[in-house]
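Below: one structure, written as structure tokens.
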Protein chains: 4
Amino acid sequence: MRKAPRQARSRVTVEAIVEAGARILSEHGWAEFTTNKVAEAAGVSVGSLYQYFPDKLSLIEAIRRRHLDDCLAIMRRSGEGQKSVERFVDDLVRDMFAAHSLNPGLHRVLLDEAPSFDATRDPHSAFEAEYIGHYAAAVEAYRASAEGASNRVMAMILSDVMDGVIHNAARRGMLGSVELKQELVRLLCTYLAASDR
Amino acid sequence: MRKAPRQARSRVTVEAIVEAGARILSEHGWAEFTTNKVAEAAGVSVGSLYQYFPDKLSLIEAIRRRHLDDCLAIMRRSGEGQKSVERFVDDLVRDMFAAHSLNPGLHRVLLDEAPSFDATRDPHSAFEAEYIGHYAAAVEAYRASAEGASNRVMAMILSDVMDGVIHNAARRGMLGSVELKQELVRLLCTYLAASDR
Amino acid sequence: MRKAPRQARSRVTVEAIVEAGARILSEHGWAEFTTNKVAEAAGVSVGSLYQYFPDKLSLIEAIRRRHLDDCLAIMRRSGEGQKSVERFVDDLVRDMFAAHSLNPGLHRVLLDEAPSFDATRDPHSAFEAEYIGHYAAAVEAYRASAEGASNRVMAMILSDVMDGVIHNAARRGMLGSVELKQELVRLLCTYLAASDR
Amino acid sequence: MRKAPRQARSRVTVEAIVEAGARILSEHGWAEFTTNKVAEAAGVSVGSLYQYFPDKLSLIEAIRRRHLDDCLAIMRRSGEGQKSVERFVDDLVRDMFAAHSLNPGLHRVLLDEAPSFDATRDPHSAFEAEYIGHYAAAVEAYRASAEGASNRVMAMILSDVMDGVIHNAARRGMLGSVELKQELVRLLCTYLAASDR
DNA sequence: AATGAATGAGACTTCATTCAT
DNA sequence: CATGAATGAAGTCTCATTCAT
């Protein structure tokens, strides 16, 4: 961001812009995400938008950061406390599906369509590291067998499975399907708890 | 396509255009996929591109169709013959990783970034139906337990898992990782072969 | 128009664009009427043109509307007051020739060359109706004989005669010819005042 | 034309091209009149079109020349023989309306839309000269009064009146209206026969 | 001669960004 | 600080014309 908002009024403006941007991205996709439209939707002038964001990219980054922070919060919460595998997986799936049900399109657009200068999407970004880290911790805590790959690779697989199922469920309008969620839970539990064969 | 190429020369041109388009899409993403750049990369003029494709969208469709046909061919081949679960899963993972190793970014861009007029991305498209159908046949053949979801939902999950893992492996440059592939194989076998608990 | 100009500055811009468009149309015809050339002639950028006119067609409509409004104003004025036939016809011919002398080619281009979305050129448009209406009122007031066609058909003929003579006079560069104007007056008076034969 | 067609086959080809061009111009207007479409409609390749016409303009000129020759033929015929004013005017109006009823759009497009390098539309062209000449001869033969303008100006007015009424009748779909034709005849007779007042 | 594939200048239009008010 | 008018590079697409086969 070009300028940190000092006054309360500015903070409200910035918030309105980010909010409007997220809504447009979610509802109309990357193609309609133009600085002029975002400004109009936020009820401010383009000039004001450029007061706080030096260019379009920095605005996406702000929106992306906010969204990914929400996702990380879910991950953090899911790892808290002592739970059984079943309980852990069940909570995680429920919360992730819920998080993506709010703005089904946003996640996909942010991760796949929107370009990115900084390395949020970089495999070595802080976000990715923490994200995979949470899964790795769960693997550490719950894996039943020494067989198979390293904790880190298992964590990646888990992350990718979650991502793939949610992503495609959103595409099919199946984010609300109980059967799908239950089956995903079963898959994850089976995988984590698999004893040696 | 606007016009079927009659002479040998034009068939070469069309092929060059589709090929160049796929390469740009894969290496530089949707943002750089401009009709002028594709034409230049193909070594022809924009005019030639528009001789065969009425607009930009129809060019993507052609590229997409070619890629998805390749994927379907793999699926079809993988289901042939009598194999053990392990053999089936192993072949499938190997072929799918191989198919995506040629143009690692193409799949993602085609499925997520590039807009689409026709319904290739529609959950009810013929492509999706056949694709899921192949997985459903495998489930039918190999599932070890009656527990869990319907064949159709299991097929979706399998498809989404494969998609998610490959998609993210491409992003991380890990399409060549043997450990990852082995672990994916283990996950899929475990899932399919899971006996009642 | 896409956007109503709020500030004084923008009203000037819009005016300059319409003015430049009319001049190009009149002097160089439809073929040279490109958005870039109009913008340049108006001393603004293409972007500004598209800020106020959603597309090329809407710009022509604006130019057309302005021109036709001028014509209608002349018709309205000519019908006012109590005059002799001679006086009425004389005034009308003088004013019409004068109106077309500013941009001699404009009328022709607008009516014949330039495409039209809305129905300005529709035989049943409001413009046509009012235009013919004025002539019909004049026929009503001045026709000397019951012989001949209905008032409405006479009005059409009068309108077409005026149109044809001015159109071709513009083409021949004869809009200033006194002899031509006098002769047209004579024709119209003779026609209106013709007693039974 | 680039090349005079020597063989019979060539003459047929040229004729087909001119014919197809006239049809497209009449039915679809100037905007659809592209060399590729004309060639296709004529059943030949673009290359063949350019064999006989060096460029697009020369093709229009050929079409225009053919159409104007038809018009002149009507004028010539109408002036033949000894007739009363009424008979002369009646024949002329009938034939002119008939000539324009075949391809109502062609005349307008050729005279107003289509650009022209050579001076067919030039006020001093041979066509214009002969055209006005025919009217001047009629004025010479039939004018009843010395009052009014020169024969030449009267001829212009007559020509313009005919042009204006037919042009607008075509636009209104009234080329078949008997009332309109009768009224035009009445106007022209009145004008020519007007005795001193 | 004929064919039709290929060319590329140029037209229309969008949108990120700047700057006078 | 805010506004919104203005800018212009860049993208999509068309079509007159050429030329290898």
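Small disclaimer: the values here were computed from a predicted structure and weren't measured. In what follows, chains carry the letters A, B, and so on, assigned in the order in which the sequence lines appear, proteins first and then strands, with residues in each chain numbered from 1.
Results of the side chain to side chain contact (heavy atoms under 4.5 Å, CB included) test with C:His67 over C:Leu102, C:Asn103, C:Leu106, C:Leu25 single out C:Leu106 as the only residue that passes.
Between the CD atom of D:Glu40 and the P atom of F:dC15 there is a distance of 13 Å, rounded to whole Å. Between A:Tyr50 atom OH and F:dA6 atom C1' the separation is 14 Å, expressed in whole Å. Between the CG atom of C:Leu57 and the C1' atom of E:dA11 there is a distance of 15 Å, given to the nearest Å. In this structure, CD1 of D:Ile60 is placed 12 Å from C1' of F:dA16, rounded to the nearest angstrom. A:Ile17 places its CD1 atom 13 Å from the C1' atom of F:dC1, with the value rounded to the nearest Å. In this structure, C:Ile24 places its CD1 atom 11 Å from P of E:dA11, rounding to the nearest Å. The nearest whole Å value for the distance from the CZ atom in B:Phe53 to the P atom in F:dG11 is 20 Å. Distance, A:Leu49 CG to E:dT18 C1': 13 Å, rounded to whole Å.
In terms of position along DNA chain E, the nucleotide closest to B:Gly47 lies nearer the 5' end than the nucleotide closest to the other residue of the pair B:Gly47 and A:Lys56.
Here the separation of E:dA1 from F:dT21, taken at their C1' atoms, is 13 Å to the nearest Å.
When distances run from any side-chain atom of B:Arg9 to the nucleotides E:dT13, E:dG4, E:dT17, the shortest one goes to E:dG4. Set against E:dA11, E:dA5, E:dA1, the side chain of B:Gln51 has E:dA5 as its closest nucleotide. Here F:dT3 is the nucleotide among F:dT3, E:dA5, E:dA2 with the atom lying nearest to any side-chain atom of A:Ser48. The side chain of C:Asp55 approaches E:dT13 more closely than any other nucleotide in the set E:dT13, F:dA2, E:dA5. Residue A:Ser45 places its side chain closer to F:dT3 than to any other of F:dA5, F:dT3, E:dA2.
Among the heavy atoms of the strands lying under 4.0 Å from B:Val44 are primed sugar atoms or P, OP1, OP2 only; no base atom is included.
Using a cut-off of 4.0 Å between Lys/Arg side-chain N and Asp/Glu carboxylate O, D:Glu61 and D:Lys56 are scored as not salt-bridged.
For B:Lys37 and B:Trp30, the positive end is not near the middle of the six-membered ring at less than 6.0 Å and at most 45° from its axis.
Dashed line: the shortest gap from a side-chain N or O of A:Tyr52 to OP1 or OP2 of F:dA2 is under 4.0 Å.
By the 4.5 Å heavy-atom criterion applied to side chains, C:Arg108 and C:His100 are not counted as neighbours. Between A:Phe33 and A:Ile60 the shortest side-chain heavy-atom distance falls below 4.5 Å.
Base pairing annotation: F:dA20 forms a Watson-Crick or G-U wobble pair with E:dT3, both donor-acceptor distances under 3.5 Å. Within the shown strands, E:dG8 is the pairing partner of F:dC15 under the Watson-Crick or G-U definition, both distances less than 3.5 Å.
For the segment residues 30-38 of chain C, residues with any heavy atom less than 4.0 angstrom from an atom of DNA chain E are, sorted by number, C:Phe33, C:Thr34, C:Thr35, C:Asn36.
A distance of 4.5 Å separates CG in A:Leu49 from CD1 in A:Ile17, rounded to the nearest 0.5 Å.
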**OP:** Decide ring pair (Phe, Tyr, Trp, His ring centres under 6.0 Å) for C:His167 and C:His107; before the verdict, give the C-alpha distance in whole Å, the side-chain angles of both, and the deciding distance to 0.1 Å.
**Re:** CA-CA 8 Å; C:His167 179 138; C:His107 195 75; 7.9 Å; no

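Neither side chain, B:Tyr52 nor B:Thr13, offers a donor N or O lying under 3.5 Å from an acceptor on the other.
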